[in-house]
Amino acid sequence: MTATAATDILGKLVSFDTTSRNTNIPIIDYIEDYLSAHDVKSYRVPDESGEKSSLYATIGPAEVAGVGLSGHTDVVPVDGQDWDTDPFTMTDKGDRLYGRGTCDMKGFLACMMAAVPDFKRRNLKTPIHLLFSYDEEVGCTGVRPMIGEFGERLTKPRMIIVGEPTNMTVVEAHKGGLRWEVTIVGRPVHSSMAPLGVNSISVAAELLGELARMEEELKTEVVDKRFDPPYSTLQVTQINGGVASNIVPAETWFGWEIRGLPGVDPEVYGKRFRQKAAQLESKMREVAPEASIEIKHSSEIPAFSADQGSEVMSLALKLVEQNETFAVSYGTEASLFHHAGAPSVVCGPGDIAQAHTPNEWIEKVELEKCMTFLDKLATWAEH
Ligand SMILES: [Zn+2]
C-alpha cells in the first residue's frame, strides 16, 4: 500500500464541495462507485430529505462484528477565509497537500479507500467496516441514524477507530459540547421613548453576565490534567442585535456553548440559565406582554472517555507502536459510538491545528503513516 493512491483519491474527495450546508450525495456516489469497482457492497443511510447520506461497508466475513474505520464527509465553510489557492482544488506543494478537508478529515477517508484493494486481497478473519458520515461539523448529527441501524441492517462494529486528525496518536478522551441558541424579543420604540420599549440587548447583557459567572465556576468544578485547558469552558460564540441607532432594539440573538469535561453535566448550567431567563422574561412582560426569550439546544456531543484497557485502545496503541494515549478538547463521533456500545478511540492523520483554517493542509508523511497503520491493521485482522 502506498500513499500515492491515497493522494490521488484525496484530490478527488477535496474536489467535492461538501460544506455541511450542501448535499453530500455526489461524494457518496463517488465512494460507492469506488467500493463497488473493488467488489465491496455498501449500504446508504439517507437523511429524511434525501440530500445527505451516510455509507457503510464491510470487507471480510459479513455479519461478524469487526473493526470500524470511521470518518465524516462534510467540511466547514471557507466563507470569509483568505485562501491562496482554490480550497476545492487540492494543491501539491512538495511535502504538503493544501485544500479544504485535506486534514479534517478527507485525508483519513482517502487512506481508508486506498487501503481497500489490500483489505480485499487479505484473508481477513476479523472484518473491517468502513463508515462514512455527514453533518459532523454541525454537531455530529449525521452519524446518529447510522448508529440507529447498528444491530439491525448494519452489524455493530466490535470497536471503532475514528480518524480525526491526531498526528496518528491515540486519543482516548475528549470534552463534550453543548450549544444553545437564545432569541430575545423585546418591544421596539423610538429611542427617545425608551421606557415604553423593552431593550433586548439590555436583557441579553444580563444573561451574558450570568454566563460569565458560570464560566468562572466551571474552571474549578472538575479539573482533569489530561486536558488543555484542564477545566470545562463556557463561552458566547455569536451575537446579533439591533437595527438602527434610534430604535430600541427589539430582537437580539446569541449562541453559547459549554465544552465540558467527562464528569461535568452541562445540563445543570443549562437549567440555571433557563431559570435566569424566565425571571427576566416575566420582568419584560410587565412592560410588553408579547416579549419573550426562546432558548433552543442547537447541538449536543457527550464527553468521551474510553474504557481503560479496552481492546480498541490496546489495538490502536499496538498499531501506532506507542504506549501513551491523549485527551483533546474537540468533540468527535467517537463519543456517540462509545455511548452506543461500540468502544472507540480517535486516531488519524494530520494535525488538528490545521483543521478549519484557511490554507488547510496535511503533510504527505501523515498519509504514509496512516497507510502503514492500515496495513498493520489488515495483518492483525488476518489472525
Ligand atoms: Zn473532523
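As a basis for the values below, the full set of heavy atoms in this structure was taken, side chains included, without hydrogen atoms, waters or symmetry mates. As the structure lists them, so they are numbered: ligands from 1, and atoms in each ligand from 1.
Aromatic rings of His72 and Tyr134 (six-membered ring for Trp) have centroids beyond the 6.0 Å cut-off, not under it. For an aromatic pair to be called close, the ring centres must be under 6.0 Å apart, and Phe273 with Trp256 satisfies this.
Side-chain polar atoms of Glu181 and Gln238 form no donor-acceptor pair below 3.5 angstrom. Checked by atom type, the side-chain pair Thr332/His174 shows a donor-acceptor distance below 3.5 Å. A donor atom on one side chain and an acceptor atom on the other are found under 3.5 Å apart for His356 and Glu137.
Residues Asp29 and Arg44 are paired through a salt bridge, judged by an N-O separation under 4.0 Å between the basic side chain and the carboxylate.
Listed by chain and number, the protein atoms of type N/O/S under 2.8 Å from the Zn ion (ligand 1) are His72 NE2, Asp104 OD1, Glu164 OE1, Glu164 OE2; waters are omitted.
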